[in-house]
Structures are given as structure tokens and as C-alpha cells.
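Residues: numbered from 1 along the sequence shown. Remember, it's a predicted structure, so these values are computed and weren't measured experimentally.
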Amino acid sequence: QVQLVESGGGLVQAGGSLRLSCAASGRTFSRYARGWFRQAPGKEREFVAAITWSGGTTYYADLKGRFTISRDTAKNTVYLQMNSLKPEDTAVYYCTSSVVDIAAPYVPKYWGQGTQVTVSS
């Protein structure tokens with residue numbers, strides 16, 4: 001069964017850092033683009049970042065410079081390094097996989113269960 005499992009969320013103070021990880025089941029995910037979305041309470045779900053098999057990346061403009069997406073294809077794992085966190089970054093962060101190797105535009109197909117990130121002021 002297709003499965004995406006996020007880890008690494010938690011509570012941090014403003015200005016701190018977290019690294020999210022997401023492991024995917026199966027072998028075919030290595031050839032597809034991967035990405036992250038987030039959703040704050042009462043807000044629309046929004047795109048965060050995506051990465052192709054070859055390492056090409058795209059970011060939501062407001063997050064570029066603070067967030068970095070990377071992947072380890074051998075482990076079917078994608079990461080999101082989040083630095084200089086702000087209270088407005090508080091949200092549930094979702095790991096996703098596409099079914100094509102395109103990061104711009106990024107179109108998710110499979111979704112993880114989400115991991116909570118809370119940034120206090």
C-alpha cells in the first residue's frame with residue numbers, strides 16, 4: 001500500500017529551526033517529484049516546496065531563503081529544513097508525492113497524514 005510518513009514536527013521558539021522528514025513506501029517514488037504543503041487552522045492549504053528526482057527545486061516565494069527541501073532517493077525520503085521560524089509558520093505540514101517528475105508546477109497525488117509544527121513567540 002502507498003504510504004507517506006512524516007516526522008520531525010514539534011514546538012519551537014520563534015527564530016529556531018526544525019527538520020521534517022518523510023519516508024515513502026515502495027521503489028517507484030524515487031522517480032517522481034516530491035513536495036510539502038502546510039495548513040494553518042482556519043486557513044487554506046498552501047504550497048511550501050517541491051523537488052525533482054534530479055534535485056531541481058521550487059519554493060513558495062515568501063519562504064525561499066528560510067526553508068530548504070532536499071531528498072535521498074536511495075531511502076525514498078524527502079526533507080524540509082526550516083530555519084528562522086516565525087509564529088506564522090505554525091501549521092500542519094504534509095508530505096506529498098507527485099506521479100510525474102515536475103516541480104514547477106508541482107501537482108501532488110499522494111499525501112501523508114501530516115505533522116504539527118508550532119512556533120511560539
Side-chain angles (χ1 to χ4, degrees):
Q1 181 131 320
V2 175
Q3 188 171 330
L4 300 169
V5 181
E6 303 97 331
S7 62
L11 174 64
V12 298
Q13 194 172 40
S17 298
L18 285 173
R19 190 176 82 154
L20 306 183
S21 300
C22 178
S25 64
R27 293 180 174 87
T28 59
F29 287 98
S30 295
R31 298 298 182 97
Y32 298 148
R34 304 281 297 279
W36 294 89
F37 285 75
R38 68 184 185 182
Q39 187 167 28
K43 305 295 183 181
E44 286 188 13
R45 185 173 59 199
E46 66 179 8
F47 172 74
V48 175
I51 185 168
T52 66
W53 174 83
S54 61
T57 59
T58 186
Y59 296 88
Y60 176 63
D62 189 54
L63 303 178
K64 189 175 182 179
R66 295 194 298 117
F67 288 15
T68 303
I69 189 171
S70 61
R71 71 187 297 169
D72 184 333
T73 56
K75 296 179 179 179
N76 286 334
T77 301
V78 64
Y79 306 94
L80 184 69
Q81 179 68 45
M82 305 184 293
N83 299 324
S84 301
L85 284 163
K86 305 174 181 180
E88 51 262 46
D89 295 319
T90 295
V92 176
Y93 284 70
Y94 294 94
C95 172
T96 68
S97 177
S98 185
V99 291
V100 293
D101 193 30
I102 300 171
Y106 179 72
V107 181
K109 175 64 176 181
Y110 302 106
W111 294 75
Q113 79 286 351
T115 186
Q116 178 71 46
V117 172
T118 302
V119 184
S120 65
S121 58

Mind checking what makes side chain to side chain donor-acceptor pair (under 3.5 Å) contact with Gln113, not counting sequence neighbours? Glu6
Can you confirm whether Val119 sits close enough to Leu18 that some side-chain heavy atom of one is under 4.5 Å from a side-chain heavy atom of the other? no
Identify, with sequence neighbours excluded, every residue that meets side chain to side chain contact (heavy atoms under 4.5 Å, CB included) alongside Ser7. Ser21
Could you pull out all residues at least two apart from Ser54 that satisfy side chain to side chain donor-acceptor pair (under 3.5 Å)? Thr52
Given side chain to side chain contact (heavy atoms under 4.5 Å, CB included), test Leu63 with Asp89 step by step and report yes or no. CA-CA 9 Å; Leu63 303 178; Asp89 295 319; 4.1 Å; yes
By side chain to side chain contact (heavy atoms under 4.5 Å, CB included) - contacts of Ser120 (at least two apart): Leu11, Gln13
Between the side chain of Thr68 and the main-chain N/O of Gln81, is any donor-acceptor distance below 3.5 Å? no
For Ala14 and Ser121, work out which heavy atoms get closest and say how close. CB-CA, 4.4 Å
Distance-minimising heavy-atom pair for Ser97 and Tyr32: OG-CB, 4.1 Å
Same hydrophobic cluster for Val12 and Leu80, using side-chain heavy-atom links shorter than 4.5 Å among ILVMFWY? yes
Residues that Arg19 engages under side chain to side chain donor-acceptor pair (under 3.5 Å), provided they are two or more places apart: none
Got a sec, which pairs hit ring pair (Phe, Tyr, Trp, His ring centres under 6.0 Å) with one end in residues 37-89, sequence neighbours left out? Phe37-Phe47, Phe37-Trp111
Ala104 meets the side chain to side chain contact (heavy atoms under 4.5 Å, CB included) criterion, sequence neighbours left out, with Thr58
Those residues at least two apart in sequence (or on a different chain) that pass side chain to side chain donor-acceptor pair (under 3.5 Å) with Glu88 are none
Backbone of Val107 reached by a side-chain donor or acceptor of Ser98 within 3.5 Å: yes
Ser84 versus Ser17, closest heavy-atom pair with distance: N-OG, 4.3 Å
List the atom of Tyr94, the atom of Gln39, and the distance in Å for their closest heavy-atom pair. CE1-CB, 4.3 Å
Give every residue pair that meets the salt bridge (charged side-chain N to carboxylate O under 4.0 Å, His left out) criterion with at least one member in residues 40-54, sequence neighbours excluded. Arg38-Glu46
Are Leu20 and Leu4 joined in one hydrophobic group, where the rule is that I, L, V, M, F, W and Y side chains link up if heavy atoms are under 4.5 Å apart? no
Of all heavy-atom pairs between Val99 and Tyr110, which one has the smallest distance, and what is that distance? CG1-CE1, 3.8 Å
If we only count heavy atoms from C-beta on, is the Met82 to Tyr93 side-chain gap below 4.5 Å? yes
Quick one: which residue pairs count as a disulfide (SG to SG under 2.5 Å) with a foot in residues 71-121, not counting sequence neighbours? Cys22-Cys95
Pairs where residues 35-78 contributes a residue and the test disulfide (SG to SG under 2.5 Å) is met, not counting sequence neighbours: none
List the residues meeting side chain to side chain contact (heavy atoms under 4.5 Å, CB included) with Gln116, not counting sequence neighbours, and say none if there are none. Thr90, Val92, Thr118
